[in-house]
Each structure stands twice: as structure tokens, then as C-alpha cells.
Amino acid sequence: MKPIHWLAGIFTAFCLMIILLITSVEAVVYWTPGYFEREYTKYNVLDSLPSMTMEDLLEVTDEMMDYLKGEREDLHVVTVMDGQEREFFNEREIAHMEDVQVLFLRAMSLRRACIFICVLCLGFLFLTKAPVRRVLPPSICAGTGLFFGITAILALIISGDFTKYFVIFHHIFFDNDLWILDPATDMLINIVPEGFFMDTAARIALLFGASSAVLFGICLFLTLRGRSRALLAGKNIL
């Protein structure tokens, strides 16, 4: 096994982990039926909104999530509050969500790039006639274990003081203070309280951990089976 083949396998593993992480985020907030309604009920979100129904709030949420995926041109969403039609989001909230949309779409682009890199790495291994069955499983095991270990350590650190690292996250990914919202005037902060983000982060971590464990388990099984076959073949030759 050449070092370049091993590195290609490790690189593939890292790209697969990034794909799983981003997909875990998307799965929690987009593919989980009734997720937002359960969270809104759990945190009594409607109590902090002026006479708004759950149905109207969920419609606003659907529009917001469509916007983040680039399926809606703007976030000027009209709803009914206090018996009157009005825009749910104000200009500050809209400006912040524009930044969030950019972040989300970049994550989607990163996932596509990682898929492309995985294809390139596999193509490289086949074109250079690498022993793919002997290279990929152990290298993906190593890369997956390393990546997951790093993310697990970060998760433990963040869980110790979620608020602190939540603020640090915003300072890293946003170059303005638009994310600092006032519950008295900004509806966005009322519908997604800190508890919502903590629950969402926990679900993402759980899903990412489970999918990573499955990937690692499959590759470990293939690695051990390959080694067993090699040992049996060596004994037969003797």
C-alpha cells in the first residue's frame, strides 16, 4: 500500500464526515416531521408572541426555512398578529437572516464539493490500480475515528458552557452584531430561544454520532475480514 493511496483514503474519510455532519444538520431541521411544532410547544413560544396561532407560526417557519435553502427570494413574510396583518420579521432580523442564508448555502456547497472530492479520490485509487479493498476500509476507519474524536472533544467542551460557545460561534461566522436581537421588538429571538438551539445541537450530535458509528463499524468489519482472509491465504500457501 503506497502512502499516497493511504492519504487518499484518509482524505475521503474526512470528506465523508463533513458530508455526514452537514446532512445531519439538514435532517434535523428539514426532515424531522413536526420538529418545530414540538419545540415551540416545549418552550411555550406562543406566549411571547402577540396573539398568534400555531398554524400561522408554522407557516412563517416554513417560509423562513425555504428562504434559507434559497427557495424564496426574500424574507418579507406577512402573517396575522393581534388580529392584524403585518410583517413577521423586521429589517434587522431580515438582515441577519440574509447572513444566515449565506452560511447555510455555503455549507450546502461545501457538501457538494466534498462529494466531488470523494469521487476524485476513488477515481485516483482505481486509475493507479490501488488495492482498494485493502486501502479504503482501514484508511476510512482511521480518518473517521480521528475526525469523530476531534468533534467529540469539541462537543464536550461546548456542552460545558453552551451560551459562551454559542456567542463565540456567532463572532466567528458573522462580522456584525445583527445576531444580537431584542425580545421586545424582534420576533425571531422569541421563536428560537436558547433551549431550541441546545435541543437542535444535541439532536445533530446524536444523529452525526450514530451515522459516524455505522460508517466506522462497516469499515472496521471490512478491515478485519480482509486481514482474516489474508492470514488464511498465507497459511494455505505455507
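Count residues from 1 along the sequence.
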*Counting distance only, does the side-chain N/O of Glu37 pair as donor-acceptor with the main-chain N or O of Met54 below 3.5 Å?*
no
*Is there a donor-acceptor pair under 3.5 Å between the side chain of Glu39 and the backbone N or O of Phe36?*
no
*Give a yes or no on whether the backbone of Gln84 and the side-chain of Asp82 come within a donor-acceptor separation of less than 3.5 Å.*
no
*Under the side-chain hydrogen bond (donor to acceptor under 3.5 Å, both in side chains) criterion, do Ser109 and Arg106 qualify, and how do the steps go?*
CA-CA 5 Å; Ser109 296; Arg106 284 179 178 173; over 6 Å; no
*Has the side chain of Asp56 got a donor or acceptor atom that lies under 3.5 Å from a matching backbone atom of Met81?*
no
*Do you see a donor-acceptor pair shorter than 3.5 Å between the side chains of Thr23 and Arg111?*
yes
*asked:* Is there a side chain to side chain contact (heavy atoms under 4.5 Å, CB included) between Thr79 and Glu59? Walk through the geometry before answering.
replied: CA-CA 9 Å; Thr79 189; Glu59 287 182 4; 5.9 Å; no
_Donor-acceptor check, side chain of Asn190 to backbone of Pro183, threshold 3.5 angstrom: yes or no?_
yes
_Exam field: side chain Thr12 to backbone Ile140, donor-acceptor pair closer than 3.5 Å_ = no
*Has the side chain of Tyr165 got a donor or acceptor atom that lies under 3.5 Å from a matching backbone atom of Ile157?*
no
*Quick one: do the Glu194 and Thr163 side chains pair a donor with an acceptor below 3.5 Å?*
yes
*What orientation do Phe169 and Phe166 show, parallel under 30°, tilted 30 to 60°, or perpendicular over 60°?*
parallel
_Main-chain N/O of Ile189 paired to Asp186 side chain as donor or acceptor, under 3.5 Å_ = no
*Is any NZ, NE, NH1 or NH2 atom of the basic residue among Asp177 and Arg92 found under 4.0 Å from an Asp or Glu carboxylate oxygen of the other?*
yes
*Run the ring-centre check on His96 versus Trp179 and record whether the distance is less than 6.0 Å.*
no
*Spell out, as yes or no, whether a donor-acceptor pair under 3.5 Å connects the side chain of Arg133 to the backbone of Thr223.*
no
_Under 3.5 Å: donor-acceptor pair, side chain of Ser48, backbone of Val45_ = yes
*Judged by modelled atom types alone, do Tyr35 and Thr200 share a side-chain donor-acceptor pair under 3.5 Å?*
yes
*Option from Val214, Leu215, Leu220 for which side-chain contact (heavy atoms from CB on, under 4.5 Å) with Ile218 holds*: Val214
*For Phe104, is the NZ or CZ atom of Lys69 found under 6.0 angstrom from the centre of its six-membered ring and inside 45 degrees of the ring axis?*
no
